Every structure is written in structure tokens, then in C-alpha cells.
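Notes follow once the structure below has been shown.
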Amino acid sequence: PGTAWPDSTYEDTGTTLNGQVVPDSGGGMQQVATTLFRAGYAAGLQVLERHSHSVNLPWYDPPIGMDAIVSPSGQDLRFRNTTGGYLWIQSSVDPVNQTLNIYIYGRSTGWTVTLSPPHIGHRYPPGPALVEQDPSLAVGQRRYQQYAIQGADVVVSRTLNRPGFTPSLVTTTLFTHYQPQ
């Protein structure tokens, strides 16, 4: 496959602003994928394919464990529509508040969807700090390239109550492993 989107659209990196790590200028496609994933999962759609970030990027929390990525190399986000009707997906962007909202509409199924709070299992500490000398900096000046990020195993459970179906209660778990960095 391939897309006409530039690679920077997919690059989800951070930068330091006022001592905090915040999203850099790329990665817009990952924000869309994460927001669409959260909407589809909360709507009770069957997840066919979902890939998470390899590290837990703080700008996607809360909730931890509910991010998604897509890539030109083939990682995708796919759902199956099991509602028996059409779906309408609507998005809105608020540039002032820098938010993206995605809404999924469909026929009334009578289903209820319950998401558990994320359960963080094992935590993985980052390795030791790496310090490199940079002769271009003034004496005593520091520049942070990357803050340490803790790894973790995260589980989110979803229960669908589907009256009239057998079984009527379906619980699935979403497992995410984040590497430390």
C-alpha cells in the first residue's frame, strides 16, 4: 500500500515546552487514529485491527492504554460494524482548544457499553539517564532531548450488553504493552 500523506503526518514525537513533554508538529494521523479508536471501542464495534504506540506518550492520557496508530507500512485501524445498520462518522476540530472529536452514529441497537478503568499491571522502569556532552552549549546549560518514559502493561475491559443476542453479555479485554524509554 502507500499513501499520498507525507511521513511527518505519521511521526508522533514530543518536544519540550516549559519543562513538559508535549506533541511536536507531526503525528496528526495518530491523533485521528486514537480518537477514532476510542469512539469505535466505546460504541461497541468489534475491533479487527488495532496497534498501539510502542511507548506511552503522555499527551494521549488519560486514559492510558486507549491509543492507536496507523502507518503507511500497513499498520491500520479496522472495526466491524455489527449493528445491522449503517454508521455515520462525524468529526469536528476546535483549533482554539486544539481538540478533535469523532462521533459515531447509527440505528438504536439497545446495547449498553461499559468500559472498565484501565488496570496497570506490571510497570517497567526506564533505563539510566544518558548524558551526552554538547560543546555548542554554554557551560552549565542543558538541553533535554527526551524525558524518561515508564513502560507498563495495561488492560481495559469492555462489556457489551446486547439484549436479544446469545450471549447477551460479551466481555472483551484490550491489552497494551508499552516499552520503557
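It should be emphasised that the depicted structure is a prediction, and the values quoted were computed from it without experimental measurement.
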(request) Would you please test Leu48 and Phe79 for side-chain contact (heavy atoms from CB on, under 4.5 Å) and show each step? (result) CA-CA 5 Å; Leu48 298 176; Phe79 293 101; 5.9 Å; no
(request) Show your working on side-chain contact (heavy atoms from CB on, under 4.5 Å) between Val113 and Arg158 and close with a plain yes or no. (result) CA-CA 7 Å; Val113 180; Arg158 176 181 71 179; 3.8 Å; yes
(message) Show, in sequence, the C-alpha distance, side-chain angles and deciding distance for Asn56 and Asp61, and conclude whether the side-chain contact (heavy atoms from CB on, under 4.5 Å) test is met.
(response) CA-CA 8 Å; Asn56 180 37; Asp61 295 346; 2.9 Å; yes
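For the atom pair OG1 of Thr159 and CG of Leu115, the computed distance is 8.5 Å after rounding to the nearest 0.5 Å. Atom OG of Ser71 is separated from atom NE2 of His51 by 7.5 Å, given to the nearest 0.5 angstrom. For the atom pair Leu169 CG and Thr114 OG1, the distance stands at 9.0 Å (nearest 0.5 Å). If you take CZ on Phe37 and OG on Ser52, they are separated by 9.5 Å, rounding to the nearest 0.5 Å.
In this structure, Tyr105 and Gln90 have side chains that are in contact, with non-hydrogen atoms separated by less than 4.5 Å. Within the 4.5 Å cutoff, the side chain of Tyr124 has no heavy atoms near those of the Tyr178 side chain. Using a 4.5 Å heavy-atom threshold, the side chains of Gln46 and Thr172 count as separate. At least one side-chain heavy atom of Arg38 sits less than 4.5 Å from a side-chain heavy atom of Pro63. Between Leu77 and Arg50 the shortest side-chain heavy-atom distance falls below 4.5 Å. Within the 4.5 Å cutoff, no side-chain heavy atoms of Asp67 are placed close to those of Leu57. Leu45 has its side chain within reach of Thr83: a pair of non-hydrogen atoms, C-beta onward, lies under 4.5 Å apart. The shortest distance between side-chain heavy atoms of Ile64 and Ile120 falls below 4.5 Å.
Between the side chains of Asp134 and Ser136, at least one donor-acceptor pair of N or O atoms lies under 3.5 Å. Judged by distance alone, the side chains of Ser157 and Thr173 never bring a donor and an acceptor atom under 3.5 Å apart. A donor and an acceptor atom, one from each side chain of His177 and Gln179, are nowhere located under 3.5 Å apart. Judged purely by distance below 3.5 Å, without hydrogens or angles, the side chains of Thr34 and Gln30 never pair a donor atom with an acceptor atom.
Smallest separation of non-hydrogen atoms from Val156 and Gly65: CG2-O, 4.5 Å. Across every non-hydrogen atom of Ser91 and Leu100, the tightest pair is CB-CD1, 4.4 Å. The two residues Pro126 and Ala148 come nearest to each other via the heavy atoms CG-CB, 3.6 Å. Scanning both residues, Asp76 and Glu49, for their nearest heavy atoms gives N-OE2, 3.2 Å. When every heavy atom of Pro167 is checked against every heavy atom of Arg162, the shortest pair comes out as O-NH2, 3.1 Å.
Judged by the 6.0 Å distance and 45° axis criteria, Arg107 is not positioned over the aromatic ring of Tyr86.
Side-chain N or O atoms of Asn97 include none that pairs as donor or acceptor with a backbone N or O of Thr99 at under 3.5 Å.
With hydrophobic clusters built from ILVMFWY side chains whose heavy atoms lie under 4.5 angstrom apart, Leu87 does not share a cluster with Tyr103. A continuous path of hydrophobic side-chain contacts links Ile89 to Tyr41 [ILVMFWY only; heavy atoms under 4.5 Å]. No continuous path of ILVMFWY side-chain contacts below 4.5 Å connects Trp111 to Leu174, so the two sit in separate hydrophobic clusters.
Aromatic rings from His53 and Tyr60 are positioned such that their centres are separated by under 6.0 Å.
At most 12 non-hydrogen atoms from other residues, nucleotides or ligands lie less than 6.0 angstrom from CG of Leu130.
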